[in-house]
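What follows is a short report on a single structure.
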Amino acid sequence: MSMFDQELECCGAEFEKNHISFFGLLTLSFPVIVISFVLLVILSPLRLFKKRFQILETLFRSCMKLISEKPLMAKTKCSLAGSMFKVSPRLSGLTFKYFNFSIYLFVWILILTLLKVVF
Amino acid sequence: MSYKVNDIRDQFPPFKNNKKEFIYMDNACTTLRPQSVIESITDYYNYHPSCHNRALHTFGKQTTEKFSEARSKISKFVNAKSANEIIFTKNTTEAINIIAKGINWQSGDCILTTDMEHNSNLLPWQFLAKEKEVNHLQFDVDVYEGSVDLSGFEKILKENKVKLVSFFHTSNVSGITLPVRKLTEIAKKYGAIVLVDCAQAMITHKVDVQDLGADFIAFSMHKSFGPSGFGILYGKSEQLELLTPMIFGGETVVDAYYDSCTFSEIPFRFEAGLQNYSGAIGSSAAIDFIEDLGQENIKAHLLELNTLLTDALAGEDRVKIIGPKDPALRPSILNFTIENLDMAEVSVILDKSHRIMVRSGVHCCHAWYHKQELKPTLRVSLSVYNTVEEIKTFIKAITPIIRFY
């Protein structure tokens, strides 16, 4: 496979492409983010366990990065971020950064709602 | 002359015809065309849309006259000794392929190019090396210094049987310009034929083929305000006489039997079939446009814009410029990447938010990007109609992307 991790046209490039599984991110990375976030919040007053915090933080950040790097509806993400840009570049940046996370959050909410309805 | 950018912009219809304002900075791919070029193209179709040479009627004569005028204009533009040294092609790529297919290669011959050629000046040699017993060698270009190791270049020529040296004049990736005259001089010392890809050079450099000493130069007109699908191959008469045409057909012969033919004189033997008349006529108008502005004036304008752009981006930690820091070494191009961002996405956001059109990708230079282990980058390429205000808008758009995305 090309090192570009991207489908290339002759001159330009399509959006980045990688092979991180959607299912893996949904069932592993997303729960890790939620759990590590909750633990970080709970343990935040306990400054004594600095090293443990670092591990949690690293876990949180790396899973967030994995999710944000997954190419998911890239054109929609860019269009949305682009159209928000003139309103607020910061808001546009947040939309861009957390677009994928929102999708996973939405999917989890959908799954939990369905489970609730079924059982 | 003083450079009045608003007067220049008035000559380009897309600025008037598009209701929404836009910023076009993908000029290394293709420039916009001025009204004069568009009119000269439509004049051909509106007034004398016929063949040249073979037709002896009124329209035919008019087309022949305009077509010949275009050849003479282009010949003077590059200071060729004769208009017959100008061959009309589809583009630079076709011109380079004519050389690749036309030279009488011998086993063991070598072709030497830089390591950052456009695919147009890489693939013809790559395939030639596969088809015939010839070798394709490369010499390194230091893209961050904008320089070439001339002694290393000479060493390759000394140690190998290099038949042809082919290199870009100005890079479409970084905008740097090679020391063409010096490279040609060294190559000639070792008896090599020299081909220069001038596709990116014609707007900002006065390309004088006699001064450069190259045997062949190739360029496309769409990067120089001319029509799409029209290119030029200049060749010294004595070199053109040695080339075998790549394609055969009407106009390439003066006589034919079932089993033999007599070729036409140069350049006609290389121009098979009905020609792109409107392309030639439009190119002639494009050259008038460039000469009216003056390449030095254009270069100074681009440098002013590029300096503004470079100064704004150079201080950003996440930005890496693919080229020398000094914009004077790459006046028309700023190619860069932002750490941890997909530049294709950035280009879409720029377009969506500000209608800024720039190019993301590897710019037809895949092999070099592989070698440098570089991901696709964002290229801003400037032209005569870009303004300081447009550059300020670009900076205003890209800075939050660098900081908040």
Side-chain angles (χ1 to χ4, degrees), chain A residues 1-20 22 25 29 33 57-58 60-103, chain B residues 26 28-30 93 118-120 122-123 172-173 199 223 335 337-338 340-379 381 393 395-405:
Chain A
M1 200 186 104
S2 156
M3 62 147 288
F4 300 133
D5 233 7
Q6 206 155 21
E7 267 182 18
L8 297 171
E9 302 275 320
C10 178
C11 300
E14 289 297 309
F15 296 108
E16 271 191 26
K17 215 181 174 189
N18 60 35
H19 299 279
I20 310 169
F22 180 87
L25 291 173
S29 304
I33 288 171
E57 264 186 46
T58 311
F60 178 80
R61 281 179 198 281
S62 50
C63 286
M64 280 301 278
K65 194 164 186 254
L66 270 178
I67 283 185
S68 70
E69 283 183 357
K70 170 83 184 160
L72 277 177
M73 300 161 72
K75 278 189 183 165
T76 313
K77 177 173 76 173
C78 294
S79 294
L80 200 63
S83 45
M84 280 184 176
F85 199 97
K86 288 211 166 162
V87 181
S88 160
R90 265 176 206 274
L91 185 66
S92 165
L94 283 174
T95 310
F96 184 83
K97 266 187 180 167
Y98 296 106
F99 181 83
N100 286 1
F101 183 81
S102 318
I103 291 179
Chain B
D26 189 16
C29 176
T30 187
T93 306
H118 189 285
N119 286 336
S120 308
L122 167 66
L123 301 185
N172 73 309
V173 173
K223 295 182 196 293
N335 191 2
T337 183
I338 306 169
N340 291 334
L341 280 183
D342 172 357
M343 301 314 279
E345 292 186 345
V346 174
S347 73
V348 174
I349 291 163
L350 287 170
D351 188 28
K352 188 77 190 170
S353 61
H354 292 80
R355 284 170 66 88
I356 296 173
M357 294 173 233
V358 286
R359 177 59 68 92
S360 65
V362 296
H363 317 292
C364 286
C365 209
H366 301 62
W368 185 79
Y369 272 74
H370 280 300
K371 185 181 171 187
Q372 301 289 321
E373 296 188 348
L374 266 176
K375 284 196 166 196
T377 55
L378 196 80
R379 182 184 67 190
S381 49
T393 306
I395 294 167
K396 216 172 133 189
I398 199 77
T399 311
I401 292 177
I402 298 166
R403 293 182 188 165
F404 304 139
Y405 279 58

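The figures here come from the full heavy-atom set of this structure, side chains too, leaving out hydrogens, waters and symmetry mates. From a predicted model like this one, the values you see are computed outputs, not experimental measurements. In what follows, every chain begins at residue 1, and chains take the letters A, B, ... in the order their sequences are listed.
Considering only residues two or more places apart in sequence or on other chains, Phe404(B) meets the ring-ring contact (aromatic ring centres under 6.0 Å, His included) condition with none of them. In this structure, the salt bridge (charged side-chain N to carboxylate O under 4.0 Å, His left out) partners of Arg403(B), at least two apart in sequence or on a different chain, are Glu316(B).
Looking at Asn340(B), only its side chain comes within 4.5 Å of chain A, counting heavy atoms on both sides. With a 4.5 Å cut-off on non-hydrogen atoms, Ser68(A) does not touch chain B at all.
Using bins of under 30°, 30° to 60° and over 60° for the plane-to-plane angle, the ring pair Phe96(A)/Tyr405(B) lands in the tilted bin.
Side chains of His118(B) and Thr93(B): no donor on one and acceptor on the other come within 3.5 Å.
Considering only heavy-atom pairs separated by less than 4.5 Å from chain B, the leading option among Met84(A), Lys65(A), Lys86(A) is Lys86(A).
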